[in-house]
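The analysis underlying the following values was restricted to heavy atoms, covering all of them including side chains, and did not include hydrogens, waters or symmetry mates. One-based numbering, in listed order, for ligands and for the atoms of each.
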Amino acid sequence: MRSRRRTAVQVVHWQAADLRKRIDDAMTIYGAAMGYPRQVAMARAGTTTQHTRLPDFRAVAAISGRALVGFGYGYRSATGQWWHDQVASAVPAETRTRWMTDCFELSELHVEPGWQGRGIGRSLITTLLDPRPAAHVLLSTPEGPTRALSLYRSIGFVDVLRGHLFPGDARPFAVLGLSIPTAADA
Ligand SMILES: CC(C)(COP(=O)(O)OP(=O)(O)OC[C@H]1O[C@@H](n2cnc3c(N)ncnc32)[C@H](O)[C@@H]1OP(=O)(O)O)[C@@H](O)C(=O)NCCC(=O)NCCS
């Protein structure tokens with residue numbers, strides 16, 4: 001029997017409309033990767049659709065044949081956005097100024113569990129962040145010795161805020177940041 005794991009995976013840039021078209025597939029992967037019940041994951045579709053209309057939105061997808069096996073996206077982080085305001089109110093003013101002024105929020109990055117640990121997540125994030133979307137990238141990820149944390153650390157993300165509790169989620173999160181210098185900074 002042919003194993004799906006032998007099928008080649010392509011990582012591609014997506015337009016906002018591409019993500020909106022595959023929103024059910026993306027939310028299915030989000031739920032499976034994060035361990036959320038299906039209805040919780042599907043309820044996120046409206047928020048993700050709103051995210052696709054934010055400034056500097058960009059997305060990437062990992063495709064095997066016609067199947068979506070992973071995706072990631074982000075947008076310019078700004079006052080008035082839920083996540084931005086949560087983090088901004090939890091950090092000192094100097095951290096806000098340093099990290100949140102010219103900032104891209106990496107909002108979601110997920111690989112379907114059966115496809116994890118094969119380099120797809122790394123390929124998704126490096127493709128998403130090239131070309132440089134902003135001076136800084138911020139994200140949050142559940143605390144713990146996870147594959148996500150290893151991946152982000154290996155790319156150069158550092159701690160901005162640890163053990164943060166977002167409303168509606170009992171798990172503590174780490175907020176991590178990456179500074180991306182321009183060629184002129186080198
Ligand atoms: C985080 C995630 C997107 C990474 O995707 P992935 O395809 O599994 O990751 P990769 O195979 O590219 O591996 C990336 C890194 O993870 C780490 N890693 C891989 N397999 C691992 C394992 N079994 N145990 C611990 N770390 C592991 C390594 O640092 C690896 O780097 P390497 O390329 O030098 O080996 C994916 O695991 C996922 O969807 N996890 C659940 C959802 C989640 O936490 N998303 C992020 C929320 S912010």
Partner set under side chain to side chain contact (heavy atoms under 4.5 Å, CB included) for A78, not counting sequence neighbours =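 Listed in chain order: Q81.
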State which residues pass side chain to side chain contact (heavy atoms under 4.5 Å, CB included) with P131; sequence neighbours excluded, sorted by chain then number.
->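 Checked P131 against side chain to side chain contact (heavy atoms under 4.5 Å, CB included); matches are R58.
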Hydrophobic cluster (4.5 angstrom, side-chain heavy atoms) - remaining members for Y36 |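 Besides Y36, the cluster holds V12, W14, L19, I23, M27, I29, Y30, M34, V40, M42, L54, F57, I63, L68, F71, Y73, Y75.
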Who's touching ligand 1 if we go heavy atoms under 4.0 Å?
->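 For ligand 1, the contacting residues are A33, M34, L109, H110, V111, Q116, G117, R118, G119, I120, G121, R122, S140, T141, R147, A148, S150, L151, Y152.
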E143 and R162 ion-paired at < 4.0 Å =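 Looking at E143 and R162, the cut-off is met.
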Determine, for R44 against E108, whether the closest basic-nitrogen to carboxylate-oxygen distance falls under 4.0 angstrom.
->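 Yes, this pair counts.
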Would T52 and R20 count as having a side-chain donor-acceptor pair, cut-off 3.5 Å?
->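 Looking only at side-chain atoms, R20 and T52 do form a donor-acceptor pair, the distance falling under 3.5 Å.
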